[in-house]
Amino acid sequence: MVFTKSIEINNMVQIGSTGRNSGKTTIAKKIIAKNQHRFTMYGLKIITISGARGKCQRGETGCGICTSIDEGYELIEETNHNGSKDTMELLKAGCKKVYLLKVFHDHLLEGFLSFLQFVPRDTLIICESNSIREVVKPGLFLMMDNQKGIKKTAENVIDRADFIIETSKVLDTFILTKTKNGVRFSENNVENRREKV
């Protein structure tokens, strides 16, 4: 599906990855920990469902994420600080609020706009997703590329990433800044965009 409508969200850092278990949440937690005293932050994890309705995207059983909805989207606020799910980790790291958006691919923009209704102005959004880049242009888009292959959702958007990174350690030298044009990473006050690091 090709989306013709998209929006620009300058106060959002999007973190994508070329494969599963690549460190998106580790990167998000690092950004949150370094900046929680400078910005109010909300977290968003998006699970985009693109296969058959009511069936697991990975052909697995037991998780229930993809099979718990059969149309549109479901937005859930995370309130548990004690578990180990990604959304719980973002909350523990310092986000004021964190949401999980389970969404069918053709409802991405609609689901994201629903989330935005809960986000106060001037709040920094830390978002884990590949697919959202198809409908939203964030202030900063990081892509983790530390896998042997590349999943389709990453392949569709990797050329739009501002940074392609292989390890979260690279973030230790960068400072997150907000400008009138959105959120940026800078190193020694020099912008570094569209770099592979």
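Counting begins at 1 with the first residue of the sequence. Not measured: the values here are computed from a predicted model.
We find the CD1-CG distance between I132 and L109 to be 7.0 Å, quoted to the nearest 0.5 Å. For the atom pair L100 CG and E77 CD, the distance stands at 11.5 Å (nearest 0.5 Å). We find the CD1-OG1 distance between I125 and T40 to be 12.0 Å, quoted to the nearest 0.5 Å. Here the straight-line distance linking atom CZ of F163 with atom CG of L140 works out to 6.5 Å at 0.5 Å rounding. Distance check, rounded to the nearest 0.5 Å: CG of N80 to CE of M88 gives 4.0 Å. Rounding to the nearest 0.5 angstrom, the gap separating the CG atom in L44 from the CZ atom in F115 is 4.5 Å.
Within the structure, no pair that satisfies the ring-ring contact (aromatic ring centres under 6.0 Å, His included) test touches residues 27-46, not counting sequence neighbours.
Between A28 and I126 the shortest heavy-atom distance is CB-CG2, 3.8 Å. The two atoms that bring E89 and S84 nearest to each other are OE2-CA, 3.7 Å, heavy atoms only. Closest non-hydrogen pair, D145 versus E166, comes out as O-CG, 3.4 Å. The shortest heavy-atom contact between T153 and S131 is CG2-OG, 3.6 Å.
Contact of the Q14 side chain with the I9 side chain is not registered, since no non-hydrogen atoms from C-beta on lie closer than 4.5 Å. Residues V103 and F112 fail the side-chain proximity criterion, which asks for heavy atoms closer than 4.5 Å. Using a 4.5 Å cut-off on side-chain heavy atoms (C-beta onward), M144 and I165 make contact. Looking at I46 and C127, their side chains come closer than 4.5 Å, going by heavy atoms from C-beta outward. For the pair F141/R133, a side-chain contact is recorded, criterion being any heavy-atom separation below 4.5 Å from C-beta on. Two residues are said to be in side-chain contact when any heavy atoms from C-beta on lie closer than 4.5 Å; I158 and I150 meet this criterion.
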task: Determine, stepwise, if the pair K102 / I76 fulfils side chain to side chain contact (heavy atoms under 4.5 Å, CB included).
output: CA-CA 8 Å; K102 298 186 285 185; I76 303 162; 3.9 Å; yes

task: Please test L90 against M41 for side chain to side chain contact (heavy atoms under 4.5 Å, CB included), starting from the C-alpha separation and ending with a verdict.
output: CA-CA 10 Å; L90 298 180; M41 289 183 273; over 6 Å; no

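Residues passing the side chain to side chain donor-acceptor pair (under 3.5 Å) test with D86, sequence neighbours excluded: T25, K45. Looking at residues two or more places apart in sequence or on another chain, you find a side-chain contact (heavy atoms from CB on, under 4.5 Å) between A93 and K29, I32. By the side chain to side chain donor-acceptor pair (under 3.5 Å) test, S129 pairs with no residue at all, sequence neighbours left out. For T87, the side chain to side chain donor-acceptor pair (under 3.5 Å) partners are E78, not counting sequence neighbours. Among residues two or more places apart in sequence or in another chain, the side-chain contact (heavy atoms from CB on, under 4.5 Å) test is passed with H81 by L91, K92.
Between the side chain of N130 and the backbone N or O of S17, at least one donor-acceptor pair lies under 3.5 Å. Between the N11 side chain and the T123 main chain, a donor and an acceptor come within less than 3.5 Å of each other.
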